[in-house]
> 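Let me begin by handing over the structure; questions about it come next.
Fair warning: this is a prediction, and the values are worked out from it, not measured in the lab.
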Amino acid sequence: MRVRIDSGDGGGEAGGSAGGGRDAAETAGLTGAFADWLTQDREVSRHAVVRRVRAEAPEGAMSGDLVEWISLAVSSGFSTAALVYAHRTFRASLPPRLRSGARLVVEHDGVRVVIEDGTEQDVARVVRALAGAEPAGSPEGGTGSRPGRPQEAAPEDASGAGS
């Protein structure tokens with residue numbers, strides 16, 4: 001599984017924040033800060049290995065230290081809720097100008113889930129993605145995407161809660 005923090009209205013694309021510009025640098029900075037946050041969160045770090053995935057620097061460029069994704073290798077004791085709630089507390093710690101745009105993007109086996117508020121429904125959506133279940137939801141605002149059909153999840157989608 002891999003995760004990152006998207007910033008701003010559009011965030012980064014599926015490949016990461018390689019688009020350059022302020023949003024890409026901000027996304028990389030927030031993703032790196034979230035990696036540090038996760039390593040200090042005992043509920044997450046006890047059952048996950050956190051590894052920073054850095055952007056590939058183009059030939060002759062020096063941008064290879066931007067953190068594009070966080071790779072999480074998780075054990076059987078891993079708590080999806082702990083990851084979502086870690087994002088919620090991380091987001092609350094950010095300055096107000098960054099807080100509203102800081103969304104958690106979780107990808108696993110070609111399914112992408114975008115978390116904004118850290119609700120129980122968000123936890124259920126991530127659990128479904130990790131379990132390999134087909135995303136539930138309406139065709140316009142589903143809870144994830146499959147390869148070949150990129151579609152980010154609608155943060156307000158609460159379908160399938162409690163499953």
Side-chain angles (χ1 to χ4, degrees), residues 1-39 41 44-45 48-56 63 66-74 78-94 97-137 140-160:
M1 161 179 42
R2 66 184 194 165
V3 300
R4 76 163 179 246
I5 303 296
D6 270 351
S7 65
D9 292 330
E13 291 301 315
S17 54
R22 197 188 103 216
D23 281 346
E26 196 169 85
T27 292
L30 287 172
T31 299
F34 188 57
D36 293 340
W37 189 276
L38 291 177
T39 60
D41 185 308
V44 174
S45 64
V49 175
V50 177
R51 187 175 57 95
R52 291 161 178 78
V53 179
R54 305 217 179 261
E56 295 278 329
S63 62
L66 294 177
V67 177
E68 207 167 43
W69 287 97
I70 301 166
S71 175
L72 292 177
V74 299
F78 178 73
S79 167
T80 304
L83 173 65
V84 172
Y85 296 145
H87 168 256
R88 187 168 65 184
T89 56
F90 171 76
R91 184 177 176 193
S93 76
L94 295 173
R97 69 176 186 81
L98 296 175
R99 189 176 306 144
S100 65
R103 295 176 299 275
L104 175 65
V105 179
V106 178
E107 286 190 359
H108 179 70
D109 284 345
V111 176
R112 176 190 289 185
V113 180
V114 178
I115 305 299
E116 201 159 319
D117 297 322
T119 64
E120 290 180 21
Q121 292 83 11
D122 292 332
V123 172
R125 290 178 25 235
V126 174
V127 167
R128 282 193 304 270
L130 294 178
E134 283 293 324
E140 293 85 18
T143 60
S145 64
R146 288 279 179 198
R149 297 179 58 203
Q151 173 183 327
E152 287 192 1
E156 61 278 352
D157 179 18
S159 64

> Does Ala33 have any side-chain contact (heavy atoms from CB on, under 4.5 Å) partners at least two apart in sequence or in another chain, and if so, which?
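Phe90.
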
> Give, for atom OG1 of Thr27 and atom CD1 of Ile5, the distance between the pair rounded to the nearest 0.5 Å.
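Atom-to-atom, Thr27:OG1 and Ile5:CD1 are 9.0 Å apart.
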
> Do the side chains of Leu72 and Leu83 get nearer than 4.5 Å, heavy atoms only?
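Yes, close enough: below the 4.5 Å cut-off.
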
> For the backbone of Val114 and the side chain of Arg125, can you confirm whether one donor and one acceptor N or O come within less than 3.5 Å of each other?
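Present.
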
> Mark yes or no for whether Arg91, through its side chain, and Ser100, through its backbone, hold a donor-acceptor pair below 3.5 Å.
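Such a contact is found between Arg91 side chain and Ser100 backbone.
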
> Of all heavy-atom pairs between Ala86 and Asp41, which one has the smallest distance, and what is that distance?
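Looking at all heavy atoms of both residues, the closest pair is CB-OD2, 3.5 Å.
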
> I'd like to check the side-chain contact (heavy atoms from CB on, under 4.5 Å) partners of Ala73; sequence neighbours left out, ordered by chain and number.
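With sequence neighbours excluded, Ala73 shows a side-chain contact (heavy atoms from CB on, under 4.5 Å) to Val49, given in chain and number order.
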
> Looking at Asp6, Thr31, Val3, which hits side chain to side chain contact (heavy atoms under 4.5 Å, CB included) with Val105?
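The passing option is Asp6.
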
> Rounded at 0.5 Å granularity, tell me how far CD in Glu120 sits from OH in Tyr85.
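The OH atom of Tyr85 is 5.0 Å from CD of Glu120, to the nearest 0.5 Å.
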
> Given Val106, which partner from the list Asp122, Val126, Val111, Thr80 fulfils the side chain to side chain contact (heavy atoms under 4.5 Å, CB included) test?
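With Val106 as partner, side chain to side chain contact (heavy atoms under 4.5 Å, CB included) holds for just one option, Val126.
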
> Taking all non-hydrogen atoms of both residues, which atom of Leu38 and which atom of Ser45 are closest, and how far apart?
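Closest approach of Leu38 to Ser45, heavy atoms only: O-CB, 3.5 Å.
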
> In chain order, what residues pass the side chain to side chain donor-acceptor pair (under 3.5 Å) check against Arg88, with sequence neighbours excluded?
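None.
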
> So which atom in Met1 and which in Leu130 form the shortest heavy-atom distance, rounded to 0.1 Å?
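Met1 and Leu130 have their closest heavy atoms at SD-CD2, 3.7 Å.
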
> Would you please name every residue forming a side-chain contact (heavy atoms from CB on, under 4.5 Å) with Thr39, sequence neighbours left out?
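Applying side-chain contact (heavy atoms from CB on, under 4.5 Å) to Thr39 gives Val50.
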
> Is there a side-chain contact (heavy atoms from CB on, under 4.5 Å) between Thr89 and Trp37? Walk through the geometry before answering.
CA-CA 10 Å; Thr89 56; Trp37 189 276; 3.5 Å; yes

> Measure across Ala35 and Ile70 and return the closest heavy-atom pair with its distance rounded to 0.1 Å.
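That closest heavy-atom pairing would be N-CD1, 3.5 Å.
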
> Please name all residues satisfying side-chain contact (heavy atoms from CB on, under 4.5 Å) with Ser71, sequence neighbours left out, ordered by chain then number.
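With neighbours one apart ignored, the set is Arg51, Val53.
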
> Has the side chain of Ser7 got a donor or acceptor atom that lies under 3.5 Å from a matching backbone atom of Gly101?
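Here the side-chain-to-backbone pair does not exist.
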
> What pair of heavy atoms forms the shortest contact from His87 to Glu116, and how long is it?
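That would be CE1-O, 3.7 Å.
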
> Any donor and acceptor pair, going by atom type alone, linking the side chain of Arg4 with main-chain N or O of Glu68 inside 3.5 Å?
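The answer is no, because no donor-acceptor pair under 3.5 Å joins these two groups.
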
> I need the minimum non-hydrogen distance between Ala102 and Leu94, along with the two atoms involved.
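Reported closest heavy-atom pair: CB-CD1, 3.6 Å.
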
